Asks: 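Here you go, one structure.
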Amino acid sequence: MKLTAKALLATMLLTPTVISAATPATTLILHPEQATDTISRMIYGQFAEHLGGCVYGGIWVGEDSPIPNTRGYRNDAIKAMKDLGVPVLRWPGGCFADDYHWRDGIGPRNKRPTLINNNWGGTKEDNSFGTHEFLDFCELVGTEPYVSGNMGSGTVGEMAQWVEYMTAPAGPMADERAANGRLEPWRVKYFGIGNESWGCGGNMRPEYYSDNYRRYSTYLRNQPGNTLYRIASGASDYDYNWTEVLMDRIGAGRMDGLSLHYYTVTGWSGPKGSATDFDSDVYYRTIGKAVEIDTVICKHIAIMDRFDPKKKAGLLVDEWGTWFDEEPGTIPGHLFQQNTMRDAIVAAITLDIFHTHADRIRMANIAQLANVLQAMWLTEGDKLILTPTYHVFKMYAPHKDALHIPISYNAEILTDSNGRPYPTLSATASKAKDGSVSISLTNTLLDKAQEIEIPLAGLPSHIRQADILTAADIKAHNTFENPTAVTTADFKGAKTAGGKLKVSLPAMSVVTITLD
Ligand code: AHR
C-alpha cells in the first residue's frame, strides 16, 4: 500500500509513472536491501466478545450439546482456529469487558449467575464461558490470550485479583484457582486496562483515564514466569487528542501498548448499508474508507513518535474491520453480518497497510472471530462456514513473522464519491526465515484485470505456491447451502520470464505468490 506521504514520495522517486494505454503493465519493485522490520504475527490476531453468537454458538456450545465438541468447544471451531494459526485472541470485550466481573464466570457452571448483557441486545449471559473456559480454549488451539480488564465498572482490587488468579503460582488466588480445577498458573501476557474508556468503557476524558490507568496498572503485578504487557485503552479513529494526552500523561514507560479502534463504517448513527446488497459506488466508498486507516495510523504514530522516538510502546489496532447493517431477521444488537468478496478486499488492503507500519504496529485484532461483524466464520446450529475474510488471513500466513520488504510501484490512485483516495492495486511483500519471498497483490477494480511485472533481480525466481481468492461478483459470499462459493484456488496467472515475475491479476482478486 503506497498511500502514506513518505511512501508516495518514495514511489515517485523510485519509479516513473507509467500508467497509460501504451504501457499497460504496472511495474512493482521490491527493495529487499531496505528491509528492516519484521511483521509481527500478532497483527493476525482475533477478537471474541460476549456479543451475539461470537462466544456462545461460535466457539462454545457446552459439553452437553449435540453439536460435536471437545469439552464444550465446537470441534469445527477448534479446527478453524488451528488451520488459521490464530496468534492471539482478545476477550471478553469490547464494551462487554467494562461490564464484566470475572468472579461471575468461575466455579461450578451451574452456580454461576445469569445476568443480562446490557451492551448487546439484552441477551441472557449465563457465564458458562468464563476465565477457565477462555484460557483453556487458548491452550487447546495454541493461541496467546489477550484479556481486557474492567476499569469502567470494576475496582482496582478486582482487576488486580483477576491477574493474580490467572497467573500467580502460589497464594490465596492460586489456591482458589486450584480449587476450581487449575493448579498451574496460565501465562497471560497481554492485558488491556479498560476498553473504549472514552465511550462505553466509562465516558472518561483522556486526562481522567490517564490518571486511572496509572492507578490501576500499579496493582497489576508481574508474577514469577509471567510478565504483563500492559495495554492502554486508545483512541477511536480520528481522536488524536486522546493519543496526545495518554502519551503525555501515561508515557511509554508505563504502557507497553496503546490501542486504536478503526472500523470501516459509514457512520455511527443510521443505516450502515447492507453487507451483501450494494452497488459499485458503495463498494468504492467502502474501499476508500478502509484505506483511510493508513492516514489515521500515520497521524497517531506521529504523535507517539514525538513522545516515544525509540518506539518502546506498540500501537495495537485491537478492533478493526467492516461494520454493516445486521442481516435481516437476525437478533437486533447481535451484529451478525455476512461477508463478501468486498470484505476480503478490505481485509487484504488493511493487512498491507499494517505491514508498512511493522516498526510500530505490534498487534491487531479483527472484529470479530465468529458471527459478529467481519467474522472468520459463521455458524448455524451444527454448520460452520468459512468467510472470504478467513481465506485472506489464511493466504497471508507466509507474511507472519517475516521481514517486510518495502515496495515501490505506480498504481493509479482513484477517488471515491466521498472524495477519499483509493489505490487500484494494493501490494505487500516479505521474506521468510527460509529465504522464500511472498508477494500479495490485490486488484481493487471491479471491472478491469491488471498486468503486473516484478523484476526478480536479487529475488528467488521459482514459484513455490500461488493462490487466488476471487469471484464473478463482488457481492459473492458463502452460505450454509453453498459454503464454498468464495474460496481459494490455485492461481495460474503468474509466470517467470525474462528475469521478471509476470502476473495477470483478475478484477476484484487477492493473490499470494511465494517464490523460492
Ligand atoms: O466490536 C463491537 C464493539 O465495537 C466493541 O464492543 C466496542 O469496543 C466497539 O465499539
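Note that this is a predicted model, so its numbers are computed, not measured. Remember, it's 1-based here, ligands and their atoms both numbered in the order they're listed.
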Asks: According to salt bridge (Lys or Arg N to Asp or Glu O under 4.0 Å), who are the partners of Asp239, at least two apart in sequence or on a separate chain?
Replies: none
Asks: Take atom CG in Leu446; do more than 12 heavy atoms of anything else shown fall under 6.0 Å from it?
Replies: yes
Asks: Taking side-chain hydrogen bond (donor to acceptor under 3.5 Å, both in side chains) as the test, write out the residues that go with Thr512, two or more places apart.
Replies: Ser440
Asks: Got a sec: does the OH of Tyr238 have more than 12 other heavy atoms crowding it under 6.0 Å?
Replies: yes
Asks: When you check the side-chain N and O atoms of Gln338 and Thr276, is any donor under 3.5 Å from an acceptor?
Replies: no
Asks: Under a 3.5 Å threshold, I'd like every N/O contact between ligand 1 and protein atoms, with atom names and distance.
Replies:
{"residue": "ligand 1", "atom": "1 (O)", "partner": "Tyr263", "partner atom": "OH", "Å": "2.8"}
{"residue": "ligand 1", "atom": "1 (O)", "partner": "Gln368", "partner atom": "NE2", "Å": "3.0"}
{"residue": "ligand 1", "atom": "4 (O)", "partner": "Tyr263", "partner atom": "OH", "Å": "3.4"}
{"residue": "ligand 1", "atom": "4 (O)", "partner": "Glu319", "partner atom": "OE1", "Å": "3.2"}
{"residue": "ligand 1", "atom": "6 (O)", "partner": "Glu49", "partner atom": "OE1", "Å": "2.7"}
{"residue": "ligand 1", "atom": "6 (O)", "partner": "Glu49", "partner atom": "OE2", "Å": "3.0"}
{"residue": "ligand 1", "atom": "6 (O)", "partner": "Cys95", "partner atom": "N", "Å": "2.8"}
{"residue": "ligand 1", "atom": "8 (O)", "partner": "Asn195", "partner atom": "ND2", "Å": "3.1"}
{"residue": "ligand 1", "atom": "8 (O)", "partner": "Glu196", "partner atom": "OE2", "Å": "3.3"}
{"residue": "ligand 1", "atom": "8 (O)", "partner": "Glu319", "partner atom": "OE1", "Å": "3.1"}
{"residue": "ligand 1", "atom": "8 (O)", "partner": "Glu319", "partner atom": "OE2", "Å": "2.7"}
{"residue": "ligand 1", "atom": "10 (O)", "partner": "Glu196", "partner atom": "OE1", "Å": "2.7"}
{"residue": "ligand 1", "atom": "10 (O)", "partner": "Glu196", "partner atom": "OE2", "Å": "3.1"}

Asks: For Cys200, check disulfide (SG to SG under 2.5 Å) against everything at least two apart and list the hits.
Replies: Cys95
